[in-house]
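Here is the structure we will look at, set down as structure tokens.
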Number of protein chains: 2
Amino acid sequence: MPRPKTRDDALKDQVLTESISLLESGGAIAVTARRVASDAGTSTAAVYELFGDKAGLVRSIFFEGFARLAAELAVVAPSDDAHADLMSVFDTTRRFALRSPMLFEVMFARPFTEFEPGPKDFEAATQIYSEVIRRVAAVLDTSETDPTTVDAAHALVALDRGLIAAELSGTLGRSSESVERRRNTALTAIIDGLCTAQDRS
Amino acid sequence: MPRPKTRDDALKDQVLTESISLLESGGAIAVTARRVASDAGTSTAAVYELFGDKAGLVRSIFFEGFARLAAELAVVAPSDDAHADLMSVFDTTRRFALRSPMLFEVMFARPFTEFEPGPKDFEAATQIYSEVIRRVAAVLDTSETDPTTVDAAHALVALDRGLIAAELSGTLGRSSESVERRRNTALTAIIDGLCTAQDRS
DNA sequence: TAGTTTCAAGAACGGCGTTTCGAAACACTG
DNA sequence: CAGTGTTTCGAAACGCCGTTCTTGAAACTA
């Protein structure tokens, strides 16, 4: 007997898509409930029914970012060169960050005062770690469950995150050559160091 | 003939101090013009005359953070152990971040939508780089102006920043042992790798 | 004391996140 | 076909934010 619902999953997806467009085009400051609702052709009340609150909307953006990055990482086919396969993870992540800097910042910085990701939220990043762990194990020739492998993966992810953050803020270097050279220096050095540490044990 | 100003540098310092207290106790969401003014015993108009706008207030917090960190780094006396001196920079930075996590986030994350640091703002970080460069040069036995030294310093700063960000968000590990082990693994590996790269050339 | 000039702060404005509430839209009954 | 009941929708309203303005007080000169 009731009137039909229009605030369904399809609308939720549309609101989310519009929010990300708004984020990329105008930064975090442009993502307001009114503008998001207007761009998606609905009302603010709909946004609040679908996402709970503004933090819920940003959390969905956060998850969508990890889903997109994971999808891109999964596409990269493994080759017979374990070292190149590992580097390609960081290259892919970097290109993702340069293509969608605002979305990347939602994932790894904190441009919305309303949303501070908690431990539960960061479980979304687990699938990305697993991709790194698999390739680290191949390079080090260790088991994927070996603490050495996991520790190395954390080291690499932390470094890549720091490098990308520095590049996005413009502090890694002025020219693209210096940026790339420093990325290469850092990643090569840590992989080399992790390998020798493994060889010694 | 005028009445004396009360909105002077002393009040500005007090407002800044109260802002940082408010930030550390209640997070970025607690730092509002009204609360800052109230806690400092003045009005919002005074805050705006002193800092221009909210972004100006946050920028001052940003600079104060770098000033405090630089002061702590300068205190650490150089010893005859170059390697230990380098590691102490990262230990000091880490302890600073754990002691003042919100202030650290203002410096390296972006918890205020109002303030996005630009290239000009990041020059405040230069003094911190110079401290790292000096100690990297000692470890690698290179000149402080050698590109190799500068590249290595950027690599190390990026890694430390990534490690601290991961630790603050709780993704580096559950127990403090695993966190410290991973920090040590990462920093040791990259320094080792940077040294061998330098030895080869 | 009167006049003049500067300053301080409370009130006001638009926009934000969020909630409320009356109207609208459907299915079913008589 | 009109009426009823139930559910959904969205315009408007609320409080708080950053920011600005207006009003009135304060301090100095003459």
Side-chain angles (χ1 to χ4, degrees), chain A residues 1-16 18-23 25-62 102 106 110-117, chain B residues 1-16 18-23 25-62 102 106 110-117:
Chain A
M1 27 245 256
R3 75 192 268 188
K5 273 195 88 73
T6 61
R7 298 175 180 176
D8 52 7
D9 284 351
L11 181 61
K12 185 168 184 176
D13 284 349
Q14 190 182 343
V15 170
L16 181 56
E18 293 290 349
S19 296
I20 295 176
S21 299
L22 223 37
L23 173 69
S25 64
I29 207 172
V31 182
T32 71
R34 284 171 178 78
R35 288 206 59 181
V36 163
S38 168
D39 284 16
T42 182
S43 65
T44 62
V47 174
Y48 280 83
E49 180 179 335
L50 291 169
F51 295 94
D53 54 12
K54 176 86 181 284
L57 173 61
V58 180
R59 179 176 287 106
S60 291
I61 297 175
F62 177 85
M102 298 296 178
V106 172
R110 202 149 80 61
F112 288 94
T113 306
E114 296 95 342
F115 174 64
E116 178 171 15
Chain B
M1 36 248 246
R3 73 192 271 190
K5 278 194 84 72
T6 62
R7 298 175 180 176
D8 53 7
D9 284 351
L11 181 61
K12 186 169 185 176
D13 283 349
Q14 190 182 343
V15 169
L16 182 57
E18 292 290 348
S19 297
I20 295 176
S21 300
L22 222 37
L23 173 69
S25 65
I29 208 172
V31 183
T32 71
R34 285 171 177 78
R35 287 206 59 180
V36 164
S38 168
D39 284 16
T42 181
S43 63
T44 61
V47 174
Y48 281 83
E49 180 178 335
L50 292 169
F51 294 95
D53 55 12
K54 178 86 180 284
L57 173 61
V58 180
R59 178 175 287 107
S60 291
I61 297 175
F62 177 86
M102 298 295 178
V106 173
R110 201 146 81 58
F112 289 94
T113 305
E114 296 95 342
F115 173 65
E116 179 172 14

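Here is how names work: the chains are called A, B, and so on, in the same order as the sequence lines, proteins then strands, and each is numbered from 1.
Side-chain N or O atoms of Asp8(A) include one that pairs as donor or acceptor with a backbone N or O of Leu11(A) at under 3.5 Å.
One interatomic measurement links the two molecules: CD of Glu49(A) to P of dT19(C), which rounds to 12 Å at whole-angstrom precision. Rounding to whole angstrom units, CZ of residue Phe51(B) and P of dG18(D) are separated by 14 Å. Across the protein-nucleic acid pair, Lys54(A) atom NZ and dG17(C) atom P stand 4 Å apart, rounded to whole Å. We find that OH of Tyr48(B) is positioned 8 Å from P of dT20(D), with the value rounded to whole Å. Remark: C1' of dC17(D) and CG of Leu57(B) are 14 Å apart, rounded to the nearest angstrom. Spacing between atom CZ of Phe115(B) and atom P of dC17(D) amounts to 22 Å, rounded to whole angstrom units. Summarising the geometry, the separation between CG on Leu22(A) and P on dC16(C) is reported as 11 Å, rounded to the nearest angstrom.
Taking a 6.0 Å sphere around CG of Asp9(B), one finds it holds 12 or fewer heavy atoms contributed by other residues, nucleotides or ligands.
Note that Lys54(A) lies outside the cation-pi zone of Phe115(A), set by a 6.0 Å cut-off to the ring centre and a 45° limit from the axis.
Residue pairs meeting the side chain to side chain donor-acceptor pair (under 3.5 Å) criterion with at least one member in residues 26-48 of chain A, sequence neighbours excluded, do not occur.
Of the side-chain N and O atoms in Arg7(B), one or more sit less than 4.0 angstrom from OP1 or OP2 of dA8(C). Within the structure, a side-chain polar atom (N or O) of Thr42(A) is placed less than 4.0 Å from OP1 or OP2 of dG10(D). Within the structure, a side-chain polar atom (N or O) of Thr6(A) is placed less than 4.0 Å from OP1 or OP2 of dC9(D). Between Lys5(A) and dC9(D) there is a side-chain polar atom (N or O) within less than 4.0 angstrom of OP1 or OP2.
For Gly52(A) and Ile29(A), each mapped to the nucleotide of DNA chain C holding its nearest heavy atom, the one lying further toward the 5' end belongs to Ile29(A). Nearest-nucleotide positions on DNA chain C place Ala45(B) closer to the 5' end than the other of Thr32(A) and Ala45(B).
Backbone-only contact: Val31(A) has heavy atoms under 4.0 Å from sugar-phosphate atoms and none from a base.
The base of dG15(C) has none of its N or O atoms less than 3.5 Å from a complementary donor or acceptor on the side chain of Arg34(A).
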